[in-house]
Amino acid sequence: MKTPDKKLNRLASEKSPYLLQHSTNPVDWFPWSEEAFAKAKSENKLIFLSIGYATCHWCHVMEKESFENETTAEVLNKDYVSIKVDREERPDVDRIYMDALHAMGQQGGWPLNMFLTPEGKPITGGTYFPPVPKYGRKSFTEVLGILTGLWKEKKEELLEASEDLTKHLKESEETRALAGASEISSPGSEVFENGFLLYDRFYDPDYAGFKSNSVNKFPPSMGLSFLLRYHKSTGEPKALEMVEETLTAMKKGGIYDQIGGGLCRYSTDHHWLVPHFEKMLYDNSLFLEALVECYQAVGEAKYKDYAYDVIEYLHRDMRLQGGGIASAEDADSEGEEGLFYLWTKEEIREVCGQDSFLLDEFWNITEKGNFEEKNILHESFRMNFSRLHGLEPSELAEIVLRNRKKLLERRSQRIRPLRDDKILFSWNCLYIKALTKAAIAFGDGDLLREAEETYKFLEKNLIREDGRLLRRFREGEARFLAYSSDYAEFVLASLYLFQAGKGFRYLENAIRYTEEAIRLFRSPSGAFFDSGIDGEVLLRRTVDGYDGVEPSANSSFATAFVLLSKLGVDSEKYLQYADSIFSYFKPELETYPMNYPYMLSALWLRKSPGRELAVVYSSQEELLPIWKGVGSLFLPETVFVWANDKEAEENGEKFLLLKNRNSGGGVKAYVCVGFHCELPVSDWTSLREKLVED
């Protein structure tokens with residue numbers, strides 16, 4: 001990452017792989033710091049702020065073209081104070097300036113390059129700037145020259161414009177959140193149908209997925225989870241069809257690594273063929289959770305197989321010593337996007353031998369290729385390949401598996417893309433949630449142990465002595481105050497493990513960090529700020545409900561509050577907190593619910609009559625058939641409490657579901673609605689009848 005014959009700049013002392021990538025640039029970079037702003041003020045210079053992340057392709061392009069260029073660096077060092085920010089470490093900084101760019105009417109993306117006043121107020125900006133005029137854009141040096149001239153000649157006008165923009169940014173979110181709570185008015189149940197109709201409108205009947213972007217297709221995993229819930233409550237067959245076809249299309253498409261497993265960030269076409277090759281932990285976690293839920297809902301083994309394939313990839317390539325999970329893998333290797341993942345027909349023939357004649361057709365391999373004269377492997381969507389070739393499905397699976405192993409071994413000899421090995425709190429929690437759900441659905445205790453290992457890694461390395469969560473861990477350093485999304489996902493990860501039967505310490509953690517999050521992040525309106533009251537003072541505190549590539553903190557907190565209430569923990573208080581969030585985002589949920597799929601699922605849980613299942617047992621052996629049976633079902637409206645006799649006795653006064661409950665020396669399962677319980681049953685067959693009845 002560092003080149004010995006190049007002079008190091010200030011970024012060399014940072015831990016972020018992204019900042020370290022720029023540590024040998026001739027640009028006199030600062031990390032985000034008081035020192036940088038003080039220099040800009042004392043020298044009356046504009047700030048050039050560049051935000052990106054380690055696996056960002058266009059960030060690499062701009063670095064090579066501009067930030068490694070001595071002439072460009074000379075201009076930046078003379079006229080600007082330059083700051084580099086890793087957006088994954090500082091999402092609060094990124095969000096402010098991305099919103100500023102959007103307010104200017106520009107499309108966002110990374111790298112995000114902004115020009116600021118010495119006080120950090122936005123003037124103008126953009127994403128990628130080319131080194132010479134092209135793509136209808138001025139060159140980067142031209143832009144630098146124009147801004148320098150304006151700062152000298154029209155400084156007051158620039159300052160006035162930056163003041164107006166800053167005021168707009170502050171009023172659009174922070175002012176609304178600080179205005180105080182209004183009368184709670186939650187969205188009606190019609191938002192679920194409206195959400196379904198929007199998904200149906202944008203659905204691609206040819207290749208599945210949703211054409212909500214004119215060019216790209218992003219993995220819609222949170223939307224698929226909502227559609228599964230909608231199908232469960234309405235029986236709408238189209239909702240389930242969209243889920244199954246989209247999951248299958250993604251798994252068979254070029255967006256999925258057919259040899260090593262793992263989902264790429266998005267497809268650059270509507271056919272799921274040519275991906276943006278970087279792999280992100282959050283995408284794979286959400287994809288895994290949707291696969292598991294689909295398996296529970298329909299019982300088809302292929303979704304279980306798909307899920308295990310994702311898990312195998314993450315454990316092989318992303319799991320770090322101690323149980324933490326790395327953030328991402330780059331799209332580029334050897335300076336070329338996707339090179340690591342591409343194959344020629346000749347290579348396939350060499351590795352796979354006689355099998356290659358079948359596999360050429362299975363993976364659509366040609367001499368010409370489909371990307372840069374090479375092949376992105378993908379299966380044909382909807383084709384029943386084994387039937388067409390007179391093979392049993394098991395025969396085809398065996399051929400594919402043995403050749404995947406051969407090709408993976410051959411590929412391991414190539415230069416790998418960079419792995420961003422920083423450990424981010426919320427992203428690891430997303431994986432804990434998905435892995436816990438997989439463990440329950442598949443009755444796999446090993447997966448549950450691995451989920452706990454990652455959880456314990458976070459507890460050991462990313463919780464300060466005073467209990468404050470931290471955002472990022474790398475090379476022994478924990479840094480940056482955690483954001484509300486980190487707290488929300490940690491609470492949910494705790495609740496998932498508790499509901500998987502791993503003990504009351506997880507419920508206690510969920511309650512403890514929920515209360516701490518309320519203190520740190522909750523606004524007078526009831527919505528949650530992204531940053532805490534103890535965080536750095538920026539231009540504004542952001543409030544977000546949009547479920548983009550990962551759930552928003554407000555969506556996850558709403559889910560957590562409803563779960564806590566349904567478990568009988570301060571039910572009225574937490575329901576009120578959930579309803580405050582739903583009320584705050586009511587206009588958005590009613591206007592464009594497709595942008596809020598995780599919040600829609602939380603609202604669905606809130607409005608569902610729901611059930612509680614309390615299982616008290618004397619031994620793990622007695623419990624296991626019921627634990628596995630319950631896990632195999634799709635029961636998103638049900639909350640679970642598992643307790644041995646000792647735990648039931650110790651917690652009976654605190655939790656109504658356990659009051660005066662015991663196993664009678666075996667297992668007793670209580671199915672309850674609103675904490676009114678039926679007579680207990682002691683075997684899986686009887687319990688299943690109660691759980692699946694309408």
Side-chain angles (χ1 to χ4, degrees), residues 196 208 220-252 256 261 286-312 379 381-387 392-394 396-397 400-401 433-448 496 499-501 601 604-605 608 610-611 613 615 623-640 669 671 681 683-694:
F196 163 73
S221 300
M222 290 181 283
L224 301 182
S225 288
F226 161 69
L227 288 171
L228 283 172
R229 286 155 177 77
Y230 185 79
H231 169 74
K232 183 171 178 63
S233 57
T234 65
E236 171 57 59
K238 184 65 180 292
L240 185 60
E241 177 190 343
M242 289 191 285
V243 172
E244 291 203 74
E245 294 233 319
T246 301
L247 288 173
T248 302
M250 287 194 292
K251 175 61 176 62
K252 290 187 173 186
Y256 192 84
L286 294 166
F287 183 53
L288 173 58
E289 187 163 1
L291 288 168
V292 171
E293 290 188 339
C294 190
Y295 170 75
Q296 291 173 314
V298 302
E300 280 198 33
K302 70 175 184 178
Y303 300 114
K304 180 178 179 179
D305 294 339
Y306 294 171
Y308 270 111
D309 202 62
V310 176
I311 293 167
E312 183 179 355
E379 296 181 51
F381 181 42
R382 294 196 181 98
M383 179 185 288
N384 190 324
F385 192 86
S386 58
R387 182 187 299 166
E392 291 296 323
S394 60
L396 176 63
V400 172
L401 178 61
K433 287 162 51 182
L435 196 59
T436 300
K437 185 162 282 189
I440 298 167
F442 309 148
D444 190 332
D446 288 339
L447 297 186
L448 203 51
Y496 273 45
Q499 291 192 92
S601 291
W604 181 91
L605 181 63
S608 167
R611 285 180 301 202
L613 174 64
V615 181
L623 173 68
L624 196 57
I626 285 180
W627 184 81
K628 286 186 173 183
V630 169
S632 69
L633 301 178
F634 184 51
L635 301 170
E637 76 291 347
T638 305
V639 293
F640 308 95
V671 178
V681 295
D683 63 282
W684 167 236
T685 302
S686 301
L687 179 58
R688 189 183 190 283
E689 289 178 2
K690 289 180 174 293
L691 292 174
V692 299
E693 66 187 14
D694 293 331

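Counting only N and O atoms by type, the side chains of Glu244 and Tyr303 include a donor and acceptor under 3.5 Å apart.
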### Message
Go through it in stages, so that I can follow the logic: the residues are Lys251 and Asp309, the test is side-chain contact (heavy atoms from CB on, under 4.5 Å), and I'd like the CA-CA distance, side-chain angles, deciding distance and then a yes or no.
### Response
CA-CA 10 Å; Lys251 175 61 176 62; Asp309 202 62; 4.0 Å; yes
### Task
Give the C-alpha distance, both sets of side-chain angles, the deciding distance and a yes or no for salt bridge (charged side-chain N to carboxylate O under 4.0 Å, His left out) between Arg382 and Glu245.
CA-CA 8 Å; Arg382 294 196 181 98; Glu245 294 233 319; 2.5 Å; yes
### Task
Kindly determine whether Arg688 and Leu633 satisfy side-chain contact (heavy atoms from CB on, under 4.5 Å), including the steps that lead there.
CA-CA 9 Å; Arg688 189 183 190 283; Leu633 301 178; 4.2 Å; yes
### Message
Test side-chain contact (heavy atoms from CB on, under 4.5 Å) on Met250 and Phe287; report intermediate values, then the result.
### Response
CA-CA 10 Å; Met250 287 194 292; Phe287 183 53; 3.6 Å; yes
### side-chain contact (heavy atoms from CB on, under 4.5 Å) evaluation trace for Phe634 with Val298
CA-CA 8 Å; Phe634 184 51; Val298 302; over 6 Å; no
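Between Gln499 and Val639, the shortest heavy-atom distance links the atoms OE1-CA, 3.1 Å. When all heavy atoms of Glu289 and Tyr496 are compared, the pair lying nearest together is OE2-OH, 3.0 Å. For the residue pair Ala208 and Phe381, the shortest heavy atom distance occurs at CB-CZ, 3.9 Å. Between Phe226 and Phe196, the shortest heavy-atom contact is CE2-N, 4.0 Å. Between Phe640 and Val630, the shortest heavy-atom contact is CE2-CG1, 3.5 Å. Residues Trp604 and Pro636 approach most closely at CH2-CG, 3.8 Å, considering heavy atoms.
With rounding to the nearest 0.5 angstrom, the CG atom of Leu288 is 9.5 Å from the OG atom of Ser221. Atom CG of Leu291 and atom OG1 of Thr248 lie 8.5 Å apart (nearest 0.5 Å). The CG atom of Leu447 sits 5.0 Å away from the CD1 atom of Ile311 when rounded to the nearest 0.5 Å. Note: Ser601 OG to Glu293 CD = 7.5 Å, rounded to the nearest 0.5 Å.
Residues Pro220 and Thr246 meet the side-chain proximity criterion, which asks for heavy atoms closer than 4.5 Å. Side-chain contact between Tyr306 and Leu247 is absent, with no heavy atoms from C-beta onward closer than 4.5 Å. Taking the side chain as every heavy atom from C-beta outward, Val310 and Tyr256 approach each other to under 4.5 Å. Two residues are said to be in side-chain contact when any heavy atoms from C-beta on lie closer than 4.5 Å; Met383 and Lys252 fail this criterion.
Atom NZ of Lys302 has more than 12 neighbouring heavy atoms from other residues, nucleotides or ligands inside a 6.0 Å radius. Enclosure of atom CZ in Arg611 by more than 12 non-hydrogen atoms of other residues, nucleotides or ligands within 6.0 angstrom is indicated.
Two rings, from Tyr308 and Phe442, have their centers less than 6.0 Å apart.
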Identify each donor-acceptor pair in which a side-chain atom of residues 236-243 lies under 3.5 Å from a protein atom, sequence neighbours left out, and give them as a table.
residue, atom, partner, partner atom, Å
Glu236, OE2, Lys238, N, 3.0
Lys238, NZ, Asp200, OD1, 2.6

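With sequence neighbours excluded, the residues forming a salt bridge (Lys or Arg N to Asp or Glu O under 4.0 Å) with Lys690 are Glu678, listed by chain and number. In this view, Asp305 satisfies the side chain to side chain contact (heavy atoms under 4.5 Å, CB included) rule with no residue, not counting sequence neighbours.
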